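To keep things clear, I will list the structure first and then write my remarks on it.
Note that ligands are numbered from 1 as they come in the structure, with each ligand's atoms numbered from 1 the same way. Values in this document were obtained by computation on a predicted structure and should not be read as measured data. Numbering starts at 1 and runs along the sequence shown.
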Amino acid sequence: MVTIQEALRIIQDQKISLKSELKPLEEALGFALETETIAPFDVPEFDNSAMDGYALCGLFQEYQLVGEVAAGDSKEIELKDGEAVRIFTGAKVPEKATAVMMQEKTSVKESTLYLDEMPRVGQNIRKKGGQLTEGQTVFEKGHLLNPPSLSLMGSLGLEALEVISKPKINIITTGNELVKPGQPKTVGQIYESNSFAISGALQQFGFQYHQKTQIKDDFDATKVGIKRALESCDVLIISGGISVGDYDFVKQSLEENGVNELFYKVFQKPGKPLYFGRKENQFVFALPGNPASSLTCFYVYVLPLLHRLSGYEKNGLTTYQFPIKHPFKNTFGRPSFLKAAVIDGNVEILDGQGSSMIRSMAKGNALAFVDDGETLNDGDMVRCKLIS
Ligand code: AMP
Ligand code: MG
C-alpha cells in the first residue's frame, strides 16, 4: 500500500517518450506544440485602423476628405496635411496618417470633415508589429493549443501544426454481473456504467478511447482480453476485478501479460484497490469497480499521466482552495477525496460519499480533499479539484 503522494510521485516519475504528428489547425485544439513557433512576419503586418472612422493627416479639427480605404484594400493614398480619408476597421492606414478618429465623433458637410474633439498622435492606429515582430517566439515548445492560440496560428498563415500525439487508450470493463444498457437483464445483474463515466471523462479532457471491451470474471478471458487490448494502446484503463475477491483476476492477468506493478493499493477513500503498472512504454491503470471510486481515480491519477503523455506542461486538475460552508470531520479512517459542490466560492461536502454512489458526484462539481481525521470548521479552507 502506498500513500496518495507516493502514488502520484510514481506516476509523475515515469520516463516517457513522446510522439508527434502534423495536425490541421482545425483539429489541433487541446494538443501541445512539438516545436517552438517563430513569427514569420510582423503582426499586424501593416499599420491599420482600430475603428470605423477617418484617417487624418496632421492634428486639426477640420479636414478635406480625399478618398476611402476599406479592409482588404491595398491602394496607397498619399495624404497631405489637412487631408483625411474615410477608413474602416482593419483597413491599412495611409502612410502619412497621424491618427484615426472614430466616426461617432465626427460630422461631414459636403467634402469637409469636422471633428468633435482634437485628435491625438497615433490614436486608434494599430501599429505594425504591435502584437508580434518577425522572428519573435510566438509560443514555446509544449504550449497547449487553446482557441486563442489557434486564432493566432491562423493569423500567421499556418494551416497545420506539428503537435505531440495524444496517447491511444483502450478500456476494459470486467464483471459477470454487467449487462450493456439497452439489453435485458435478470435478477442479480446490473447495467455496466463505468465505461461511460470513463469515456465521458476522456472526452471532457479532449481524449477518446480506441477500443472498449467487456470481459467476464474468468481468468483465461481476462488474460486474453488484456493481451488483446495491449496490442493496440499506450494506456489501458481497466475497471473492476482488481480487489481481493475470488473473482478478481485482473492483477494476476496483468502479471502474466508481462505488466510490471508500480503500485497496488493506495491509502485513500474511495479507490483503495487502485493498481498502476507498466509494460515497456505502455501503462495500465486498474481502477476499482465501484463507480465513484473508478471515476475519482481517473481524475486524480489517470488524467495527470494522460496529460504528461500528451506533452502538457501542467498535468492533471489544478487544486484550488475554497472555504467550507459547514463543519466537517473526516471519520472515514483514510485521507479522502469527497464528492463536493463548489457554489459561489464556497464548498459543500455532499451526502452520499459511498464508493458506489455516483449520484452525489453527478450533482456536485468537485472532489474535496480532506485528510484522515482532519476537522474543518466553518470557513476553513479545503483543497478541491473541479471536475465539471
Ligand atoms: P469490483 O471492483 O469488480 O469488485 O466491483 C466493485 C463494485 O462495482 C461491484 O458492486 C460491481 O458490481 C460494481 N461495478 C464493477 N464494474 C462496474 C461497471 N463497469 N459498471 C457499474 N458497476 C460496476
Ligand atoms: Mg468485479
Side-chain angles (χ1 to χ4, degrees), residues 1-2 7 169-204 207-226 228-229 233 235-257 259 261 263-277 284-302 332 334 336-337 339 352-363 367 387:
M1 180 117 64
V2 293
I169 301 161
N170 283 345
I171 301 174
I172 291 179
T173 52
T174 69
N176 285 343
E177 73 280 28
L178 303 177
V179 175
K180 209 172 158 198
Q183 302 298 310
K185 68 173 174 56
T186 54
V187 176
Q189 294 186 310
I190 61 165
Y191 286 119
E192 194 285 305
S193 60
N194 285 352
S195 73
F196 301 99
I198 295 166
S199 65
L202 288 172
Q203 283 175 56
Q204 186 184 356
F207 297 97
Q208 58 190 41
Y209 70 82
H210 168 63
Q211 233 171 50
K212 173 169 123 176
T213 325
Q214 163 69 33
I215 308 182
K216 288 280 177 214
D217 291 324
D218 167 273
F219 180 64
D220 290 331
T222 309
K223 199 172 141 181
V224 171
I226 289 174
R228 295 238 169 87
C233 68
V235 178
L236 174 57
I237 303 173
I238 304 173
S239 142
I242 192 65
S243 267
V244 292
D246 291 349
Y247 292 92
D248 292 331
F249 298 115
V250 168
K251 193 167 172 306
Q252 199 189 337
S253 303
L254 286 168
E255 263 162 41
E256 300 218 358
N257 273 294
V259 178
E261 178 188 315
F263 65 74
Y264 174 48
K265 291 193 178 165
V266 181
F267 189 62
Q268 64 177 358
K269 190 188 157 41
K272 190 169 96 176
L274 174 66
Y275 168 102
F276 177 55
V284 180
F285 285 97
L287 311 179
N290 272 309
S293 307
S294 144
L295 192 52
T296 300
C297 288
F298 176 90
Y299 285 124
V300 177
Y301 300 97
V302 182
F332 292 117
R334 274 174 264 156
S336 304
F337 293 100
K339 295 157 216 167
Q353 291 296 336
S355 321
S356 60
M357 294 185 177
I358 200 75
R359 182 166 175 255
S360 44
M361 198 168 182
K363 296 191 95 179
L367 289 173
I387 58 170

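For the pair Lys251 and Tyr264, the cation sits on the ring face: its NZ or CZ lies under 6.0 Å from the ring centre, inside 45° of the axis.
Residues Lys223 and Asn257 share a closest heavy-atom pair of O-ND2, 3.1 Å. When all heavy atoms of Asn176 and Lys216 are compared, the closest pair comes out as OD1-CD, 3.3 Å.
Donor-acceptor pairing under 3.5 Å is recorded for the side chains of Ser239 and Asn194.
For atom 14 (N) of ligand 1, the closest non-hydrogen atom of the protein is Gly289 O, 3.3 Å. Here the heavy atom of the protein found nearest to atom 16 (N) of ligand 1 is Asn194 ND2, 3.6 Å. Scanning the protein heavy atoms around atom 7 (C) of ligand 1, the nearest turns out to be Asn290 OD1, 3.4 Å. For atom 21 (C) of ligand 1, the closest heavy atom belonging to the protein is Ser193 OG, 3.3 Å. Counting protein heavy atoms only, atom 4 (O) of ligand 1 is closest to Asp248 OD1, 4.0 Å.
Within ligand 1, the atoms closer than 4.0 Å to a non-hydrogen atom of Gly240 are 2 (O), 3 (O), numbered from 1 in the order shown. Interface of Glu177 with ligand 1, defined as ligand atoms under 4.0 Å from a residue heavy atom, comprises 11 (C), 12 (O). The contact set between ligand 1 and Gly241, taken as ligand atoms under 4.0 Å from a residue heavy atom, comprises 1 (P), 2 (O), 3 (O). Each of the atoms 12 (O), 22 (N) of ligand 1 lies under 4.0 Å from some heavy atom of Ile190. Every atom of ligand 1 is numbered from 1 in the order shown, and the set under 4.0 Å from a heavy atom of Glu192 is 18 (C), 19 (N), 20 (N).
Within the 4.0 Å heavy-atom shell around ligand 1 one does not find Gly175. Heavy atoms of Ser195 stay at 4.0 angstrom or farther from ligand 1.
Only side-chain heavy atoms of Leu178 come within less than 4.0 Å of ligand 1; its backbone N, CA, C and O stay farther off. Contacts between Ser239 and ligand 1, counted as non-hydrogen atom pairs separated by less than 4.0 Å, involve the side chain only.
Taking OG1 of Thr173 as the reference point, atom CD1 of Ile171 lies at 8.5 Å (rounded to 0.5 Å). To the nearest 0.5 Å, the span separating NZ on Lys212 from CD1 on Ile237 amounts to 12.0 Å. To the nearest 0.5 angstrom, Lys272 atom NZ is 5.0 Å from Arg334 atom CZ.
For Lys185, the NZ atom sits in a packed shell: over 12 heavy atoms of surrounding residues, nucleotides or ligands are nearer than 6.0 Å.
Between Phe337 and Tyr301, the ring planes lie perpendicular to each other; the angle is over 60°, past the 30° to 60° tilted range.
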